[in-house]
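Please read the structure below before turning to the comments.
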Amino acid sequence: MSRDRRKTAAERTGPSAAFDAARSPRSPRGQAIASVIGAAPTSVSPDVIAENPENPRQDFDPEYLEQLGQNMREVGQIQAVTVMSRLAYLVVHPEYKDVIPLDHEYVIIDGACRLRASRIAGIDLRIVVDDSTAGTPEDLLAAALSANHFRKDLTPIEEATALEALVKFHGSAAAVVAVLGGKLTDSWISTRRALLKLPEPVQDRVAAKEIPVAVARKAATLPRPEQEPFIDAAMDKRKVQKDAAPKAVRGRAAAALKKSQSEAALEVPPPGSASENDPTPALSVPEPRPEQRAEPLQPAGADTPVDWSDPDAVTSLILRRCPPDAVSKIAEGLLSSL
């Protein structure tokens, strides 16, 4: 197979649809689900096996480990070591969730010397996975979907696979909601499970975040022949919308634009100094407007201002324009000012 061609889901996961032989990078919970649903591997790299914090033995003879590693490389490993999956170990010992590295899929239970010797020898280690002390496989699946054990999220396809297994075991999505709790709903579980109806190449693209879950979810409701054309059309539409959207200015270009805008705001030319050939209006400071004074009151229909030196004219104007209360107050004010 060409190294440049992207693997399909079947090639990544092997004959089982449950990720049992997956070698591509996965999240810790994805690894946990793979170990629960599918058949456990019989040989792994020692780099994916963590030391057991509960192991009372802390001192190891370097010379003995060197000889053991050489013997394992030349003769072979006589007896497999016993390990627990990381998830199962943390179900039993949640206090070690920050001690067991996220990229380690297993924890050594029996065979610490052989583990260290295989690292020295640079060979894979035959293992037997025993998660029985952590509960049933369904208990481990529920723990794998819980946010209490791991910080990294699953891919949508890994979630769908685990939920499918739980629904088959418990009988319904409602029963799974009761087991997992939290903010899960029946409808959310159903829409996640629907992703498994998509072709495997499409599932790969969903897991790689090349196709948004919203688009994949709608495609999963369509008949199989219509799914990929729908996705292609939806992705083309999104691309057109993205290309049409204004590009954000970042980095040095954004700093230069901000600086030029600041300088333009500070450069205020005097009124009337804009060039006649420059169509861009020059920035200017608004001139202060003269204080507006109230126009003298005029009688209705009068064409000339009131003669304020004529007491009769002023009195007539006030009586015509002002209500009785205002006339009284004006009279009181005039009397008090004399």
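Residue numbers count from 1 along this sequence. Treat the numbers as computed from the prediction; the structure is a model and nothing was measured.
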Can you name the residues that form a side-chain hydrogen bond (donor to acceptor under 3.5 Å, both in side chains) with E164, not counting sequence neighbours? R193
Once rounded to the nearest 0.5 Å, what's the spacing between atom NZ of K237 and atom CG of D232? 15.0 Å
Over all heavy atoms of both residues, which pair between R86 and K97 is shortest? Give the atoms and the distance, please. NH2-O, 3.4 Å
Please evaluate residues I157 and L195 with respect to the criterion side chain to side chain contact (heavy atoms under 4.5 Å, CB included), reporting the C-alpha separation (whole Å), side-chain torsions for both, the decisive distance (0.1 Å), and the verdict. CA-CA 7 Å; I157 302 303; L195 297 178; 4.1 Å; yes
To the nearest 0.5 Å, what is the distance between CD1 (I211) and CG (D204)? 9.5 Å
Measure the CD1-CD distance between I120 and E66 for me, rounded to the nearest 0.5 Å. 5.5 Å
For the side chain of E105 and the backbone of V48, is there at least one donor-acceptor N/O pair under 3.5 Å apart? no
So, for P46 and S118, which heavy atoms are closest and what is the spacing to 0.1 Å? CB-OG, 3.4 Å
For S190, give me all partners under side-chain hydrogen bond (donor to acceptor under 3.5 Å, both in side chains), at least two apart in sequence or on another chain. none
In Å, rounded to the nearest 0.5 Å, how long is the span from CD1 of I109 to OG1 of T82? 8.0 Å
Backbone of T155 reached by a side-chain donor or acceptor of E158 within 3.5 Å: yes
In sequence, state the C-alpha distance, the side-chain angles, and the governing distance for V213 and R192, and then conclude on side chain to side chain contact (heavy atoms under 4.5 Å, CB included). CA-CA 9 Å; V213 175; R192 267 298 189 269; 3.3 Å; yes
Gap separating the CG atom of N71 from the CZ atom of R114, nearest 0.5 angstrom: 12.0 Å
Would you name the heavy atoms of I100 and A50 that are closest together and state the gap between them? CG2-CB, 4.0 Å
Could you check whether E51 pairs with R119 (Lys NZ or Arg NE/NH1/NH2 to Asp/Glu carboxylate O, under 4.0 Å)? yes
Side chains of L125 and I49: does their closest heavy-atom pair fall under 4.5 Å? yes
Could you tell me whether the side chain of R116 and the main chain of F60 form a donor-acceptor pair under 3.5 Å? no
Out of curiosity, I231 CD1 to L198 CG, how far, rounded to the nearest 0.5 Å? 5.5 Å
Would you please test K329 and D325 for salt bridge (charged side-chain N to carboxylate O under 4.0 Å, His left out) and show each step? CA-CA 6 Å; K329 292 181 179 180; D325 292 341; over 6 Å; no
By side-chain hydrogen bond (donor to acceptor under 3.5 Å, both in side chains) - contacts of E74 (at least two apart): Q70
